[in-house]
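Below is one structure, written out as structure tokens, with a few remarks after it.
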Amino acid sequence: MTTAHSSAESNPFVQMKHRLDKAAGLLDLDPGLYAILSEPAQELTTALPVQMDNGTTRVFTGYRVQHSVARGPAKGGIRYAPDVHLDEVRALAAWMTWKCAVVNVPFGGGKGGVICDPRRMSQGELERLTRRYASSLLDIIGPERDVPAPDMNTNEQIMAWFMDTYSMHARSTQTAIVTGKPIGLGGSKGRREATGLGVAFSAREALKHIGLADKGCSVVVQGCGNVGGLGAQFMQEMGHKVIAISDIYGAVHNQNGLDILGVLKYIGEKGSLQGYTEADHIAGKDLLELECDVLIPAATENQLTSANADRIKTKVIVEGANGPTTADADAIFESKGIYVVPDILANAGGVTVSYFEWVQDRMGYFWEQKDVFDRMERIMVEAFDSVATTAEKYKTSPRIGAYCLGVDRVAYCLKMRGIYA
Ligand code: NAD
């Protein structure tokens, strides 16, 4: 019988530290460097008064955490959700530090969040909230300091408002202040697709690595937003069969394979999977337990825990979401022989193309989509191989291998820079 997971198990920052501790042990990391890397370098909590459409004023809470700037400006998305909390933002910021180091792009790690329910807010309210949040962060962000991007429930429009607010204060257009912008406004071709495509590249490399077929595998995807929806589409384009996909309201299943483009078109028009008639509806939590070759959690944290890990029947897990698997579940998957491509590798295609966007903005010269995808693929394949080699070297899992690779690269920069007194 499984037990419900504990509150420590559902705290993403505690979970991040479990993995950091393991990697630090294997690397024999200097205790001083460990002390620096185990806590955020800087964090800001801010009250955001916003005038609502009905004339009342509401005060939202916003956060920005910079975990490390040792390798370059902090980089990381902004999340709008009712359940955002500081330990979640801290964990997401630290994961960005390790992720940027794993794909070797010159950024540190940061993350932001605002406690709000964007589904219950008008466009006007979201714009006023975003502008107030951006102006509250002015002292700590900048193209050379901290570069935000979209995350759950934030999108190109929100990045455009954020960029405009920063630019109004800078008295000049500063496109490199955020990534994930509209293409006509300094965005990069291919950024929208980048995370989902990177997830599909990671799945392809994992299937090759463990000797499974490169076509015809059954795939289950949790979440059909930017990462899950496009990840599912690219897996289908690679010749696999997506048998189930979910959103926050529920899941659809067809053992013979879903028409993913049809599903995505339906969601685009109706806003959710509810009422979709071309497949069977199942509960979201049951989707995770379907038998399949590849499971892609691409929604949110803490989906694969000690409470359900022993019922997961897949051969490979490719983490599209950040933090979908807890450390207790890791141990169960290892004992079952499930190959896990960890978040800090699997979903790094997004930050890789964000890096390209930042480079293009600073050059003022924009690349073709093919160049973007080719360069991202090269980086993802190299990162996959480096993680696999590091895991072999330390006789550990791909997750801890990825942490060893990332932590070692950040520790190297800290050591070379020295401690400013
Ligand atoms: P999104 O808002 O576009 O989509 C999220 C999807 O997950 C939606 O379909 C939503 O209905 C579903 N969802 C949310 N909570 C759920 C739940 N409890 N159960 C089932 N479905 C649920 O967000 P996104 O950008 O696709 O991000 C998804 C995950 O990927 C997050 O963990 C995010 O941090 C991570 N990520 C995103 C990017 C990016 O470029 N967008 C990059 C790296 C990692």
Side-chain angles (χ1 to χ4, degrees), residues 10 12 75-84 88-89 91-93 95-96 98-100 102-103 109-113 117-119 148-159 178-181 187-188 190-199 202 220-233 244-252 263-264 266-268 270-274 282-288 295-305 308 318-325 341-357 376 380:
S10 59
K75 185 84 194 80
I78 295 168
R79 176 173 291 194
Y80 286 178
D83 55 357
V84 164
E88 179 189 45
V89 185
L92 289 160
W95 286 326
M96 286 305 297
W98 315 138
K99 190 182 304 182
C100 291
V102 164
V103 284
K111 205 79 179 191
D117 188 350
R119 286 174 302 178
D151 190 73
M152 264 171 79
N153 301 324
T154 55
N155 55 24
E156 294 180 348
Q157 175 62 79
I158 286 173
M159 294 306 111
V178 283
T179 58
K181 298 177 294 294
S188 176
R191 174 61 187 88
R192 192 178 69 87
E193 298 85 353
T195 311
L197 183 59
V199 164
S202 300
V220 167
V221 183
Q222 183 195 40
C224 45
N226 178 266
V227 182
L230 284 155
Q233 189 181 319
I245 195 162
S246 63
D247 66 11
I248 197 165
Y249 304 104
V252 292
V263 170
L264 296 181
Y266 184 87
I267 292 177
K270 309 278 181 191
S272 90
L273 287 168
Q274 285 173 316
I282 59 172
K285 69 175 180 43
D286 294 341
L287 165 132
L288 295 170
L295 172 62
I296 303 179
T300 187
E301 296 101 63
N302 301 332
Q303 299 303 299
L304 304 168
T305 70
N308 63 359
V318 184
E319 295 183 334
N322 288 307
T325 309
V341 188
D343 46 9
I344 57 173
L345 168 63
N347 67 37
V351 77
T352 301
V353 176
S354 274
Y355 164 57
F356 297 161
E357 180 173 331
M376 190 265 275
M380 290 299 290

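Indexing begins at 1, ligand by ligand and atom by atom, following the structure's order. Quick note: residue numbers are just sequence positions, from 1.
The protein heavy-atom contact nearest to atom 24 (P) of ligand 1 is Val227 CG2, 3.9 Å. From the protein, the heavy atom lying nearest to atom 17 (C) of ligand 1 is Ile248 CG1, 4.2 Å. Protein heavy atom in closest approach to atom 23 (O) of ligand 1: Met152 CG, 3.5 Å. From the protein, the heavy atom lying nearest to atom 6 (C) of ligand 1 is Gly225 N, 3.7 Å. Atom 18 (N) of ligand 1 has as its closest protein heavy atom Thr300 CG2, 3.9 Å. Here the protein heavy atom with the shortest distance to atom 41 (N) of ligand 1 is Asn226 OD1, 3.4 Å. Distance from atom 22 (C) of ligand 1 to its nearest protein heavy atom, with residue and atom name: Ala299 CB, 3.5 Å. With respect to atom 19 (N) of ligand 1, the closest heavy atom belonging to the protein is Gln222 NE2, 3.8 Å.
When all heavy atoms are compared, the tightest approach of Ile245 to Cys224 is CD1-CB, 3.5 Å. Among all heavy-atom pairs drawn from Ala232 and Val221, the shortest one is CB-CG2, 4.0 Å. Here the shortest heavy-atom pairing between Ile296 and Gly320 reads CG2-N, 4.3 Å. Of all the heavy atoms in Thr195 and Gly350, the pair that sits closest is OG1-CA, 3.1 Å. Across Ile78 and Met159, no two heavy atoms sit closer than the pair CD1-CE, 4.4 Å. Between Leu287 and Ala244, the shortest heavy-atom distance links the atoms CD1-CB, 3.7 Å.
For Asn153, a nitrogen or oxygen atom sits less than 3.5 Å from a nitrogen or oxygen atom of ligand 1, counting backbone and side chain alike. Polar contact check, Asn322 against ligand 1: a nitrogen or oxygen pair lies under 3.5 Å apart. Of the N or O atoms in Asp151, one or more lie within a sub-3.5 Å distance of an N or O in ligand 1.
Between Lys181 and Glu357, at least one side-chain nitrogen of the basic residue sits less than 4.0 Å from a carboxylate oxygen of the acidic one, meeting the salt-bridge criterion.
With sequence neighbours excluded, the residues satisfying side-chain hydrogen bond (donor to acceptor under 3.5 Å, both in side chains) with Tyr80 are Thr130. Residues satisfying the side-chain hydrogen bond (donor to acceptor under 3.5 Å, both in side chains) criterion with Glu88, sequence neighbours excluded, are Arg79.
At a 4.0 Å heavy-atom cut-off, ligand 1 touches Arg191 through the side chain alone. At a heavy-atom cutoff of 4.0 Å, ligand 1 is contacted by the side chain of Thr195 but not by its backbone. Within the 4.0 Å heavy-atom criterion, the part of Ala298 lying near ligand 1 is the backbone and not the side chain.
Taking a cut-off of under 4.0 Å to the non-hydrogen atoms of Arg79, the atoms of ligand 1 that pass are 31 (C), 32 (O), 33 (C), 34 (O). For ligand 1, the atoms sitting less than 4.0 Å from at least one non-hydrogen atom of Ala321 are 29 (C), 30 (O), 32 (O), 35 (C), numbered in the order shown with element in parentheses.
At least one heavy atom of Gly320 lies less than 4.0 angstrom from ligand 1.
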Report task. Under the side chain to side chain contact (heavy atoms under 4.5 Å, CB included) rule, what do Leu295 and Leu288 come out as? Steps first, then yes or no, please. Result -> CA-CA 7 Å; Leu295 172 62; Leu288 295 170; 4.2 Å; yes
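Using a 3.5 Å distance cut-off with no hydrogens or angles, the side chains of Thr179 and Arg191 do not pair a donor with an acceptor.
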